Each structure stands twice: as structure tokens, then as C-alpha cells.
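Structure record follows, encoded as C-alpha cells.
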Amino acid sequence: MTPAILLVEDDENDVFFLIKAFEKTGVENPLRVARDGQQAIDYLEGHGPFADRAAHPFPGLILLDLKLPRIRGLDVLRRVRQLPRQNLVVVILSSSRNENDIAEAYRLGTNGYLSKPSNFDELLDLVRAIDAFWLRHNLTA
Amino acid sequence: MEPPLNLLLVDDQPENLVALESLLQQPEYRLTAVTSARDAMIALLQTEFALIVLDVEMPEMNGFELARLVKERRKTRDVPIIFLSAHHGEEQDILSGYGAGAVDYVTKPLNSAILCSKVAVFAELYRRNRDLKAANQALESEIAERRQVEAALQEANRQKTERTAELHEMIHELEAFSYSIAHDMRAPLRAMQGFAQILREDYAGRIDLQGIEYLHRIERASTRLDRLIQDVLSYTKILRAPAPMKSVDLDRLARDLIATYPDWAPPRAEVAIDGRLPSVVGNEAFLTQCLSNLVGNAVKFQNPGNLPRVRLWAEPRPGGTRLWIEDNGIGIAPENHQRIFGLFEQVHSPHEFQGTGIGLAIVRKAVERMNGQFGFESAVGQGSRFWLQFASEVPV
């Protein structure tokens, strides 16, 4: 079974590029998008429309931006780590290379921290790497 | 030579005064002789006396009455008095009413030796008191001075604390600024580049060659702006990041670095290290940045068709090591030698060579922060030799 991916990202362009990059690299895992931190929490906790797990499958991988409206990325991460499901892979995908952000993200239990590439070709490379490592080779317990 | 002591001699009989004066005629005394209590009071108002020699029996106001006045006035209270008294007996009782050491007496007829020695005792006492007072004053002024210095120090400390707080505030703002540049300014840039590329790839059949070329230009321009933003961020990081210094294995650092750049390897370029590079005192991140910028420049600034050859070697210098980076590139014209380490200085147009004009400014700042030195030798068409120099050992 191919795990779903939840992309938590508020920038419309970045959402577009990631969807495009997943398409172009042939990744077939279902991709769902939360536009802010609150929506991400609601999605994961199955509130409201997200209760329908056929339409909104619980993800195996979260790609999480840090600078988000309503609830910031690091707080989403904190909440995710309080969920009963512990085998959820969270990878930060942020344009911040700030050392404090990176250290805090790992302290809160992120599985990886990826810097947003500055051009589309690099994004394609990154998506291929995410697919290979996190979606195909990585094992969770 | 010490100033003479003022002695006041009081007696209503002028001939007695003359006798007293001749007895006490010494260079260390300055004598003032008066014939009445009234004149004595006037003299006491004008001059500070070390001692009063006072006849008890005088008309109008006798010696005891004058002594009472002297002892009542704050200014003269401490002036000792030697009474000249004709009688023993009841006068002794009066004398005992004064505090010890404040007064003394000599009986008439005068024994000159006794009078002289008693005067000498009081004179000595006065001198010592005076010296003590002077020493005390010196001490007090020293204490006052120290208090002033202390206050000035405290003020300087306060200002330093304030300034430090201001600097921290500034650094904090600069960080926020860098963060904003990194995050907010690069996002629209990614969009420009990304959409241009997707348009170019996914709509290729519907756009003519001219259109494709324009899209390429959009991509190149946005890539260039992104490089510029990244370099500015690196520069501000070099300015403010903590740079702990330790011994760094230059050989390992250089070889690892060279291995990571495909552009520095055959067939595109030849980058070689002569011998083994020693360890130097520096900051690993800063050294990496310096080397990657210098070798990057060496490979980049080349005539078209020329194979870039870059050679690195170390030269021992007193107390340190000089690392040379030599290339076979286009070289630097003498009129540009001053400019190349400046921020945003570009000797060539960006059409000729891709660059942001920040690389060498980063090298300069990084070397400065590592207490190193840098320089270069170059001429047009003869390549360039850049050097960095660092201490070999951490100073004790």
C-alpha cells in the first residue's frame, strides 16, 4: 500500500511546484495539502470533513513548512508527536536555514530537515530523493 | 624648610614681654606680643597660633577670663595656653578645670629653661597635629579621587552595558532581516524561475524559439538574483556568526572540498594540491568558505577554451603558514587590484563571468575574523596567485 503524503504549505506557488514535481517524477502516492497549521492538525485528528478517511487518508509522510498561518510549523510538529500514531514520518521543508529553527525541529522530533531548493530542477531532485528514501526505503516501527 | 610657628605672648607689662621675646627668640617661632586681652583677641582673629603664653594678672580682663573666651570660640578652642602665674594655690584649681594637655602654667619669677621646654613641647605637639592634618587631608583627597574614578568606571560600565544591549538589538534585527530575505524574498523568485521552466518544458510545442529564449532569460535572471541573495546572506553570516578558533587540518579540508565540486574535476578543470597542507588555527566553516570562493574564482575567471589549472600549496612563514592558490586564468589588471576585495565590486560584466561581487569580500571578512592575512599577485594574462596566512598554533 502506498502511504499518503500530507503537504503542509501556505504558499500557492510552492504547493503547485511540489504537486508538479511529484507528477513529473512519477510518484503515485496520494498527495493531500493543508494550507495552514490548524488545517494540518484538523486533518491529522480527523475533524470535520477530514473524518472521511477514504477521501483524506491518514498520511505516512508529512512535508511540513515552518512559516505557516494560524499554527506555526514547529507547533504542528509538537502536536504531531503527541498523537498516538508514532510511525508518522515528518520532514521539514522550509526555506529557513536558521540554526535555531533546525535545532528546535530536531529537538521536537522531526525525521529530517530539507531546505527548499531555489530552482525547479533541484526540486525535482529533491522529490526523487524523498520518494526513494522516505517513501520506498525507509522503514518505520 | 617648615614655616615658623606663630606664638602669641600676652602680658600687660611691656618689660615682661621684652623678656619673654628674648627668651623665645628662635627661627622656628614667629612671635606676636600684645599688652592686653583685647589686643590678644584681635590677634587671634587674624592669625592661627600654635600657642598662647598668657599672663594671669592683667587689668580690665585677666588671663583666665581671656582663656575662657579663647576656649569658647570654635576657631581657637584647640590653641593651647601656658599661663604665667605669680601664685600657687587657688590658681591650681582653676587650671585643673581645663582638659589635660590644653593648658599648662609656669610660675613667676620665670625659670627660662622650664618655659622654653614647655613651649617646645606644645610647639612639637602642634607640628605633629599639623602634619597629621596634612596627611589626613591628603588621604581624604585621595579617597575623593578614588571615588571619582570609581564613579567614572561605573558610568563607563553602564554605558558599555547599554551599548552592548544596543548591539545585541542590532544583531537581532539583522538576523530578522536576513531571515526575511531568505524566506520572503526567495519565495517569489522560486515562483518566477519555476513557472518559466514549466512553461518552457510543458508548453514547448506552443511557444516559438524566441519565446523559449525569453523564458531562458527569465530563468537565468532569477537564478542570478538567487545567487546574489545567498551570497549576501553568507556575507552577513560571516559578519556576525560566532567563529570559535581551533586547529584545522587544512589538507583534509581542502581535499574534501575539491572532491565535492564537479566543476573542479577533469575534464572541466584540474585542481591539485602540492604536498601535504599543514594544520592552521582558524574556523573550519570560515576556512571552507574562503577556499571554496578562491578556488571557485580560479576556475571561473578563465579565457574561453582554456582548461583551468589550479594549484594549492603551503609555504611556512614565521609563526604560521601561507596557503597559495595559483591559477592560469585571465589575471587581474593593476588598476583593479584595490577594488576586488570590496563588497559588490565586479571588475567584469556579469555577461562575461557569472558573479555577484561578494565572494572576495566574504574572504576578506572571514580572514579578518580569523586574525589571518591575505593578498595576491597577479597580472593580466598571467594568472593570479592568491594567498591566505594563518597562525600554526593556538596562542597560549
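Owing to the predicted nature of the structure, the values given are computational and were not obtained by experimental measurement. When reading the values below, keep in mind they use all heavy atoms of this one structure, side chains included, and skip hydrogens, waters and symmetry mates. To find a chain, count down the sequence lines: A is the first, B the second, and so on, and within it residues start at 1.
In this structure, B/Arg163 places its CZ atom where only 12 or fewer heavy-atom neighbours from other residues, nucleotides or ligands lie under 6.0 Å away. Within a 6.0 Å radius of CZ in A/Arg81, other residues, nucleotides and ligands contribute more than 12 heavy atoms. More than 12 non-hydrogen atoms from other residues, nucleotides or ligands lie less than 6.0 angstrom from OH of A/Tyr106. Within 6.0 Å of the CD atom in B/Glu166, the count of heavy atoms belonging to other residues, nucleotides or ligands exceeds 12. Other residues, nucleotides and ligands contribute at most 12 non-hydrogen atoms within 6.0 Å of the CG atom of B/Leu209. The number of heavy-atom neighbours closer than 6.0 Å to CZ of A/Arg79, taken from other residues, nucleotides and ligands shown, is 12 or below.
The candidate with the highest count of non-hydrogen atom pairs below 4.5 Å against chain A, out of B/Ile198, B/Thr223, B/Asp226, is B/Ile198.
With 3.5 Å as the limit, one finds a donor-acceptor pair spanning the side chains of B/Gln197 and A/Asp121.
Atom CZ of residue B/Arg186 and atom NZ of residue A/Lys116 lie 10.5 Å apart, to the nearest 0.5 angstrom. Atom CZ of B/Arg190 and atom OG of A/Ser95 lie 5.0 Å apart (nearest 0.5 Å). In this structure, B/Asp202 CG and A/Lys20 NZ are separated by 4.5 Å, a value rounded to the nearest 0.5 Å. Here the straight-line distance linking atom CZ of B/Phe195 with atom CZ of A/Phe120 works out to 9.5 Å at 0.5 Å rounding.
The parts of A/Asn119 that come within reach of chain B are both its backbone and its side chain, each placing non-hydrogen atoms under 4.5 angstrom from that chain. At a 4.5 Å heavy-atom cutoff, A/Glu12 makes no contact with chain B through either its backbone or its side chain. Of the two parts of B/Gln230, only the side chain, counted from C-beta on, holds a non-hydrogen atom closer than 4.5 Å to a non-hydrogen atom of chain A.
Closest approach of B/Gln193 to A/Ser118, counting heavy atoms only: OE1-O, 4.2 Å.
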